[in-house]
Each structure stands twice: as structure tokens, then as C-alpha cells.
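Working notes for the structure below.
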Amino acid sequence: MATLVTGGAGYIGSHTVVELQQINQDVVILDNLSNSSKAVLKRIESITNKAVTFVEGDILDTELLHSLFKQYQFDSVIHFAGLKAVGESNEIPLHYYKNNVYGTLNLCEVMAQHSVKNLVFSSSATVYGDPETVPIKESFPTSATNPYGRSKLMVEEMLADLYRSDPSWNIALLRYFNPIGAHESGTIGEAPNGIPNNLMPYITQVAVGKLKQLSVFGNDYNTIDGTGVRDYIHVVDLAHGHLKALEKLNSQPGLVTYNLGTGQGYSVLQMINSFEKATGQAIPYQISARRAGDIAECYADPQFANQELNWTATKSLVEMMEDSWRWQQNNPNGYQ
Ligand code: NAD
Ligand code: UFG
């Protein structure tokens, strides 16, 4: 039996494939390489000493999906494939809905036809919108403020309907907080195209000299020092959460939703300070205007995942900083 990993060449997917291979799970990656590079495959192999089975293709390609489900004995699917840039989703919303919502619908139809009904879906803390209080529990109300977030919410709702219509499905909706860090080998990591949108790759690109200085988006939020607070989680801890979710699906829980976060929030200034301390690199920054759509504070109550999955994030902020930096230093131009 094998696990199909859509989007397995991407940032979180590649780290999850490593962890799956290391527990001797057979994996097939399906990725259209729209936001990743084939070079990651050799890197995964160099870590695990195992061959990677890779299919270049699209979750929108129904025929391809059927042929894959015929060729391999899948018992589960981890579905990472999706577009994730919030700003871009405002500019090309239909592309986001087609890729993220229709792509998932297409995948689920094919899964159903081949009686593969165990699915782990990459959702996001963005589905909590601007929460009234923190820490955030899974039971909090959901909302979205941009097409990317709405695509995640739509998929969550579609999967809930699917489960209601056919309770033989087992579906884990994993709401990730802010993944950062990289594999400790420094060989795989996050490789954003162009200028990064997210804080951590921006910081490491300033440190390596690719960017001049960081703009801190707002210092007038109602937080510890006025800058935005997020729950940063090491990508390898996140990857382990997927292994635990797969295990859970084998016990036939039905539809389950988990926050994958650490439960600890850090401000932008705390992140800069922590990076500087961990790496000895200075990060020049300036305070600039708030970024449209940003919220003040977002961090998880991870207790439900801790209890139900027997999973906890174990890596410290220092490890996140060191591993992000090692990856950036070894690969100043990502996988190129
Ligand atoms: P990523 O872009 O690195 O990985 C996604 C992968 O999916 C890429 O390799 C891309 O080429 C592939 N892909 C996209 N559309 C595809 C399609 N139609 N068919 C086949 N492959 C396709 O992103 P990531 O950070 O690894 O995120 C993985 C998932 O987790 C995404 O669904 C994302 O929305 C979600 N997520 C990410 C974050 C984050 O901050 N990184 C937070 C919450 C949720
Ligand atoms: N920030 C800066 N300067 C930058 C980039 C970010 O000050 O150059 C600040 C932001 O204002 C925010 C914090 O750093 O306060 C984190 O920003 P990120 O862009 O790294 O992360 P977000 O929390 O805004 O968004 C991320 C993903 C979304 C996802 C969300 C919740 O990008 O896709 O986490 O999971 F929806």
C-alpha cells in the first residue's frame, strides 16, 4: 500500500515525504512543479537513501489521476497541492478557485471511484479570519478575507458535505499555523519564487545579502510590542503531524479537524531578535505601514491535536532559526 502525496515537491510536502520514507511508507508524489523544482527529489533521496517515485502532472488532469489510482495501490492521500499566495489570489481569484477547489473536487471524485477514502487536507489558520480571542480552538467560528482563504474554507465545507453523504470517508483537516525552518541537513527548505511574501524567508534573504532590509508591517497593533504575533512551527514538526494524522485515519475517525501549531506566539520584533541571537547576523529593518488584510495576533490552542494525535511540536524557536539559516546559506538561490 502506498500514500499519494499531491504537491509533494513543495515546501511542506517534501519534508513530509522525507518523514514518510523514514518510517518505510511507500510514497508517490504527484506535482505539476508550478511552485517547486525537480531538484528537490534528489535532495529527498540523499536524506533518506530511498528512491522517490515522482509523477509530473496536475490534480486537474482526471485521466492522469485515474491511471495513477489504477497503477498504484493507494490507501490514503495527503493533499498539499494548491496555490498559496494571498496577494496573488486577489488578482487571479478564478485561478485559485479552479486549482484549489476544483482540483480537490476532481481528486475526491477519482478517489471515490477507486474506493480510496482516507484523505489528509492542508488547511490553514487563515480560516479563522480575525479571531476574537487567542489562543484559537478548532471550534472557533470560521471566515475568510481573501480568495485564498475562501478556497480553503470552501474545500473544508465541501469535504464535510462529502463525509456527511458517505461516512465511510476518513478526512483530516489540518489547519497549519506558520511553518518555518527546514530539514536539519540544510538540503531541503522553502524556496519562494521572487521576493518572498512571508516573514522568515524575507529575514534569511536579508541576512544572506539578497535583500537590503526588512519592512516591519506596522508597530501599532495591540500586541506585546505593537508588531504582529504569529505561531511559528518548525516544518519538520508539521511533517510529523501528518504521519500522526495518517495513523489516526486508520482508526476510522470520520471527519476530524486539528490545529497544528505550537501554542506560542512571537512578534515580528521578537523574531528578528531571535534570528540575530541564533545566527549572529544583523537584520536591518524599518517600520512601515500595516499590510492590508493582516491581523494582530494568531496562535493556536494545539491541545486537541496533542491529545487526539499524540503529537506535539517539539522544536524550539532557536532550532527554527538555525535550520532556516543553514538552508538559506547552503542554497542562496533555492534549488537553482
Ligand atoms: P508549496 O507551494 O511549496 O507546495 C505546493 C505544491 O503543490 C507545489 O510543489 C506546487 O508545484 C504543487 N501544485 C500546485 N498546484 C498543483 C496542481 N494543480 N497539481 C499538482 N501540483 C500542484 O506550498 P507549501 O507551503 O508546501 O504548502 C502546501 C499546502 O499547505 C498548500 O495547500 C498551502 O495552501 C497549505 N498551507 C501552507 C501554509 C504555509 O505558510 N506554507 C500555511 C497554511 C496552509
Ligand atoms: N511581516 C512583516 N514583514 C514582511 C513579511 C511579514 O512585518 O516582510 C509580518 C506580517 O505583518 C505578520 C508576520 O510578519 O505580522 C507574519 O507574516 P507572514 O506573511 O509570514 O505570515 P501570515 O501570518 O501573514 O500568513 C501565513 C501564510 C498564509 C496563511 C497564514 C495562516 O502566508 O497563507 O499564515 O496560516 F494563511
Side-chain angles (χ1 to χ4, degrees), residues 5-16 29-38 40 55-61 64-65 78-87 89 95-96 98-100 102-104 106-107 121-129 144-146 148-149 151-152 155 174-180 189-193 195-203 205-206 211 213-219 221 223 227-233 235 238-239 242 259-261 265-269 271-272 285-300:
V5 182
T6 74
Y11 174 45
I12 307 170
S14 57
H15 287 82
T16 304
I29 296 177
L30 172 66
D31 199 304
N32 66 3
L33 302 177
S34 60
N35 196 38
S36 49
S37 158
K38 245 186 183 164
V40 73
V55 179
E56 183 172 344
D58 205 296
I59 53 168
L60 292 163
D61 184 343
L64 173 68
L65 289 178
I78 307 183
H79 176 35
F80 293 107
L83 299 172
K84 63 168 184 177
V86 172
S89 80
H95 190 53
Y96 270 68
K98 186 173 179 184
N99 202 72
N100 293 4
Y102 184 65
T104 306
N106 199 41
L107 174 66
F121 173 63
S122 297
S123 189
S124 166
T126 194
V127 303
Y128 295 114
T145 53
N146 57 67
Y148 166 71
S151 77
K152 291 293 174 192
V155 170
L174 302 185
R175 294 175 176 165
Y176 313 151
F177 283 68
N178 291 53
I180 61 168
E190 187 173 12
N193 281 326
I195 296 176
N197 296 311
N198 298 117
L199 179 64
M200 199 63 223
Y202 207 107
I203 288 179
Q205 291 199 14
V206 169
L211 297 169
Q213 67 172 0
L214 173 74
S215 293
V216 175
F217 297 145
N219 66 349
Y221 288 105
T223 61
T227 66
V229 167
R230 298 290 183 275
D231 185 336
Y232 297 93
I233 175 169
V235 65
L238 195 59
H242 291 75
N259 283 342
L260 296 186
Y266 291 102
S267 74
V268 178
L269 294 181
M271 292 295 283
I272 295 171
Y285 68 87
Q286 60 169 18
I287 305 295
S288 65
R290 288 183 178 194
R291 181 171 66 180
D294 272 359
I295 57 174
E297 275 194 302
C298 175
Y299 57 91

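All ligand and atom numbering here is 1-based and tracks the order in the structure.
- Residue contacts with ligand 2, taken as heavy atom pairs separated by less than 4.0 Å, do not involve Arg290 at all.
- The two residues Gly261 and Ala300 make their nearest non-hydrogen contact at CA-CB, 4.1 Å.
- Nearest-heavy-atom check against atom 19 (N) of ligand 1 across Ile59, Ile233, Val5, Val55 picks out Ile59.
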request  = Run the numbers on Val216 and Ile272 for side-chain contact (heavy atoms from CB on, under 4.5 Å), then give the verdict.
outcome  = CA-CA 10 Å; Val216 175; Ile272 295 171; 3.9 Å; yes
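- Taking each of Ser122, Ser151, Ala9 in turn, the one with a heavy atom nearest to atom 35 (C) of ligand 1 proves to be Ser122.
- With a heavy-atom cut-off of 4.0 Å, Val268 touches ligand 2 through its side chain alone.
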Residue pair Met271, Tyr232: steps toward the side-chain contact (heavy atoms from CB on, under 4.5 Å) verdict = CA-CA 9 Å; Met271 292 295 283; Tyr232 297 93; 3.5 Å; yes
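- The protein non-hydrogen atom at the shortest distance from atom 3 (O) of ligand 1 is Tyr11 N, 2.8 Å.
- The side-chain heavy atoms of Leu269 and Tyr285, taken from C-beta on, include a pair separated by under 4.5 Å.
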inquiry  = Go through it in stages, so that I can follow the logic: the residues are Asp58 and Leu64, the test is side-chain contact (heavy atoms from CB on, under 4.5 Å), and I'd like the CA-CA distance, side-chain angles, deciding distance and then a yes or no.
reply    = CA-CA 8 Å; Asp58 205 296; Leu64 173 68; 5.8 Å; no
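- A donor atom on one side chain and an acceptor atom on the other are found under 3.5 Å apart for Asn259 and Tyr128.
- Heavy atoms of Leu33 approach ligand 1 to within less than 4.0 angstrom.
- In terms of heavy-atom proximity, Glu56 sits nearest to Asn32 at OE2-O, 4.5 Å.
- Of the polar atoms of Lys84, at least one N or O is found under 3.5 Å from an N or O of ligand 1, judged by distance alone.
- Side-chain contact between Lys38 and Leu33 is present, with heavy atoms from C-beta onward closer than 4.5 Å.
- When each atom of ligand 2 is checked for a heavy atom of Thr126 under 4.0 Å away, the hits are 31 (C), 36 (F).
- From the protein, the heavy atom lying nearest to atom 28 (C) of ligand 1 is Phe80 O, 3.6 Å.
- Atom 2 (O) of ligand 1 has as its closest protein heavy atom Asn35 ND2, 2.7 Å.
- Looking at Asn197, Asn100, Ile12, it is Ile12 that brings a heavy atom closest to atom 26 (O) of ligand 1.
- Listed by number with element, the atoms of ligand 2 under 4.0 Å from a non-hydrogen atom of Val216 are 7 (O).
- Considering only non-hydrogen protein atoms, atom 33 (C) of ligand 1 sits nearest to Tyr148 OH, 3.7 Å.
- Contact atoms of ligand 1 toward Ser34: 10 (C), 11 (O), 13 (N), 14 (C), 15 (N) (distance under 4.0 Å to a heavy atom of the residue).
- Remark: distances from the non-hydrogen atoms of Ser123 to ligand 1 include one below 4.0 Å.
- Considering Gly103, Gly149, Gly82, Gly7 only, the shortest heavy-atom separation from atom 14 (C) of ligand 1 involves Gly82.
- Between Asn99 and ligand 1 there is a heavy-atom distance shorter than 4.0 Å.
- Relative to atom 2 (C) of ligand 2, the option among Tyr266, Tyr221, Phe217, Tyr232 with the closest non-hydrogen atom is Phe217.
- Residue Gly228 holds the heavy atom nearest to atom 15 (O) of ligand 2 of all those in Ser215, Ser89, Ser124, Gly228.
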task = Give the intermediate values and the outcome of side-chain contact (heavy atoms from CB on, under 4.5 Å) for residues Asn106 and Ile59.
result = CA-CA 7 Å; Asn106 199 41; Ile59 53 168; 5.8 Å; no
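- Contacts between Leu199 and ligand 2 below 4.0 angstrom, taking non-hydrogen atoms only, involve backbone and side chain alike.
- The nearest protein atom to atom 10 (C) of ligand 1, hydrogens excluded, is given as Asp31 OD1, 3.4 Å; this is a heavy-atom distance.
- If you check which protein heavy atom lies closest to atom 34 (O) of ligand 2, you get Asn178 ND2, 3.6 Å.
- Within the 4.0 Å heavy-atom criterion, the part of Asn197 lying near ligand 2 is the backbone and not the side chain.
- Taking the six-membered ring for Trp and thresholds of 30 and 60 degrees, Tyr96 and Tyr148 have ring planes more than 60 degrees apart, a perpendicular arrangement.
- Contact annotation: the side chain of Val5 never approaches that of Thr16 to less than 4.5 Å [non-hydrogen atoms, C-beta and beyond].
- Of the heavy atoms in Tyr148, only side-chain atoms (C-beta onward) come closer than 4.0 Å to ligand 2.
- Scanning for side-chain contact (heavy atoms from CB on, under 4.5 Å) contacts around Thr145 gives an empty result, with sequence neighbours left out.
- Contact record, Ser151 with Asn100: OG-ND2, 3.1 Å, taken as the closest heavy-atom pair.
- Under the 4.5 Å side-chain criterion, counting only non-hydrogen atoms from C-beta, Asn193 is in contact with Asn35.
- Distances shorter than 4.0 angstrom do not occur between any heavy atom of Glu190 and any atom of ligand 1.
- Here the shortest heavy-atom distance to atom 17 (O) of ligand 2, taken over Arg230, Lys84, Arg291, belongs to Arg291.
- Close contacts of ligand 2 with Ala125, meaning ligand atoms under 4.0 Å from a residue heavy atom, involve 31 (C), 35 (O).
- When every heavy atom of Thr227 is checked against every heavy atom of Ser267, the shortest pair comes out as OG1-CB, 3.3 Å.
- Residue contacts with ligand 1, taken as heavy atom pairs separated by less than 4.0 Å, do not involve Thr126 at all.
- Protein heavy atom in closest approach to atom 18 (P) of ligand 2: Asn198 ND2, 3.5 Å.
- Polar contact with ligand 2: present for Tyr176 (N/O pair, distance under 3.5 Å).
- You'll find the side chain of Arg290 reaches within 4.5 Å of the side chain of Tyr221, heavy atoms only.
- Scanning all protein heavy atoms for the shortest distance to atom 16 (C) of ligand 1 gives Asn32 ND2, 3.4 Å.
- Residues Ile295 and Arg230 form a side-chain contact, since some pair of their non-hydrogen atoms from C-beta on lies under 4.5 Å apart.
- Considering each of Ser124, Gly10, Pro179, the one bringing a non-hydrogen atom nearest atom 38 (C) of ligand 1 is Pro179.
- Contact analysis leaves Ser14 out of contact with ligand 1, as no non-hydrogen atom separation drops below 4.0 angstrom.
- Closest approach of Arg291 and Asn197 over heavy atoms only: NH1-O, 3.0 Å.
- Heavy atoms of Asp294 found under 4.0 angstrom from ligand 2 belong exclusively to the side chain.
- Atom numbering of ligand 1 starts at 1 in the shown order; those under 4.0 Å from a heavy atom of Gly57 are 19 (N), 20 (C).
- Scanning both residues, Ser122 and Phe80, for their nearest heavy atoms gives OG-CD2, 3.1 Å.
- Side-chain rings of Tyr176 and His242 approach one another, their centers coming within less than 6.0 Å.
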